[in-house]
Amino acid sequence: MSKTNTTTYEASSRVMEPGPLSEANPTGTWKDFLTLAKMGIVMSNLITTFAGFWIALQVTDANLIAHIPTAILTLLGSALVIAGGCSLNNYIDRDIDHLMERTHERPTVTGKIDANQVLWVGITLSAIGTLLLMFASLMAALLGVIGLFVYVIVYTMWLKRTHSINTVVGGISGAIPPLIGWAAVDPNLHMTAWHLFLIMFLWQPPHFLALAMKRCEEYRKAGIPMLPVVSGFKMTKRQMVVYVAALLPVSLYLYHFGTIYVIVASVLGVGWLALGISGFFMKNDIKWARLMFVYSLNYLTIMFVVMILVNH
């Protein structure tokens with residue numbers, strides 16, 4: 001066994017032992033609960049959920065006014081399921097979050113919110129969100145449950161702590177929101193819905209691997225076998241570029257969205273690919289990873305906003 005693999009194995013073994021938690025008395029505020037729910041993640045996912053819902057209306061020639069109640073149920077239900085999943089993620093990861101700079105001030109680490117309270121908040125939000133999605137459509141609720149299961153059980157509890165493929169498999173849950181939005185209008189899930197899913201799925205590895213590179217030493221300290229920790233930066237950069245290269249033609253397959261969409265998707269895709277390739281020539285890997293991370297955020301937002309605007 002190589003030195004790198006030995007180090008990773010030992011770190012992964014240590015991470016399963018709960019770390020010291022704060023003994024401070026729980027004094028959680030609404031802001032702390034919103035922190036647990038990871039509102040940034042919730043809001044970005046709602047954009048893709050709405051995009052799926054909106055485009056499905058256009059494809060099926062459905063009436064927007066008649067579907068306003070369904071839209072409210074879908075967006076609110078999705079928000080609660082995602083917030084519930086993020087809360088459960090905080091509950092599960094509370095034994096390792098204190099080891100990472102970006103997570104060491106989470107309420108579950110500082111003791112501002114009791115762990116059992118976080119658990120029940122996560123379960124309650126997830127249950128209510130699923131119920132609301134059921135009123136939208138059974139398929140939307142089923143997809144919500146699948147996304148929740150993959151994120152909480154498969155990713156957070158299992159693969160995140162055991163295998164570097166965690167980012168790819170976890171991407172399934174992050175790609176489901178546009179399917180939920182679509183299913184609320186069209187439970188049969190038109191092929192376009194699956195293309196939205198595929199765009200989201202291919203977007204996530206370069207996005208999260210860029211973050212993993214930025215926080216590589218923190219993940220190493222916590223014993224989390226992210227790809228940069230296990231295989232190094234060169235392998236990580238190669239995989240990121242492969243995903244970005246695959247994303248470009250997939251995004252252009254939606255050429256029927258019109259000329260404006262094709263131009264935007266082409267410019268953003270080629271720009272991201274060029275930035276990715278430049279990483280093989282830049283000496284500062286962390287700076288490159290930071291640029292890739294910021295670009296990925298802008299790519300996702302612009303792409304889905306444009307999708308909404310050109311479909312009317």
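Remark: side-chain polar atoms of Thr48 are not paired, donor with acceptor, to backbone N or O of Pro177 under 3.5 angstrom. The backbone N or O of Leu75 sits nowhere less than 3.5 Å from a side-chain atom of Ser78 that would complete a donor-acceptor pair. Remark: side-chain polar atoms of Thr124 are not paired, donor with acceptor, to backbone N or O of Val121 under 3.5 angstrom. The backbone N or O of Leu247 sits nowhere less than 3.5 Å from a side-chain atom of Trp203 that would complete a donor-acceptor pair. The backbone N or O of Pro228 sits nowhere less than 3.5 Å from a side-chain atom of Ser231 that would complete a donor-acceptor pair. Of the possible donor and acceptor atoms, none in the side chain of Trp288 sits under 3.5 Å from a partner among the backbone N and O of Ser278. The backbone N or O of Thr103 sits nowhere less than 3.5 Å from a side-chain atom of Asp97 that would complete a donor-acceptor pair. Side-chain N or O atoms of Asn166 include one that pairs as donor or acceptor with a backbone N or O of His163 at under 3.5 Å. Judged by distance alone, with hydrogens and angles left aside, the side-chain atoms of Thr156 form a donor-acceptor pair with the main-chain N or O of Tyr151 at under 3.5 Å. Of the possible polar contacts, one joining the His98 side chain to the Asp95 backbone as a donor-acceptor pair under 3.5 Å is found.
Using a 30° and 60° split on the angle between ring planes, Phe257 and Tyr261 fall in the perpendicular class, above 60°. Note on ring orientation: taking the six-membered ring where Trp is involved, the planes of Phe201 and Phe197 are parallel (angle under 30°, cut-offs 30° and 60°). Using cut-offs of 30° and 60° for the angle between ring planes, the Tyr299 and Trp272 rings count as tilted. Phe293 and His207 have parallel rings, their planes meeting at less than 30° on a 0 to 90° scale where 60° marks the start of perpendicular.
Asp285 pairs by the side-chain hydrogen bond (donor to acceptor under 3.5 Å, both in side chains) definition with Lys237, not counting sequence neighbours.
Within a 6.0 Å sphere centred on CD1 of Ile260, other residues, nucleotides and ligands contribute 12 heavy atoms or fewer. When the shell of 6.0 Å around CE of Met100 is examined, it contains more than 12 heavy atoms from other residues, nucleotides or ligands. Open room surrounds CE on Met43; 12 or fewer heavy atoms of other groups in view lie less than 6.0 Å from it. For Phe280, the CZ atom sits in a packed shell: over 12 heavy atoms of surrounding residues, nucleotides or ligands are nearer than 6.0 Å.
Under a 4.0 Å N-O distance rule, the pair Lys221/Glu218 does not qualify as a salt bridge.
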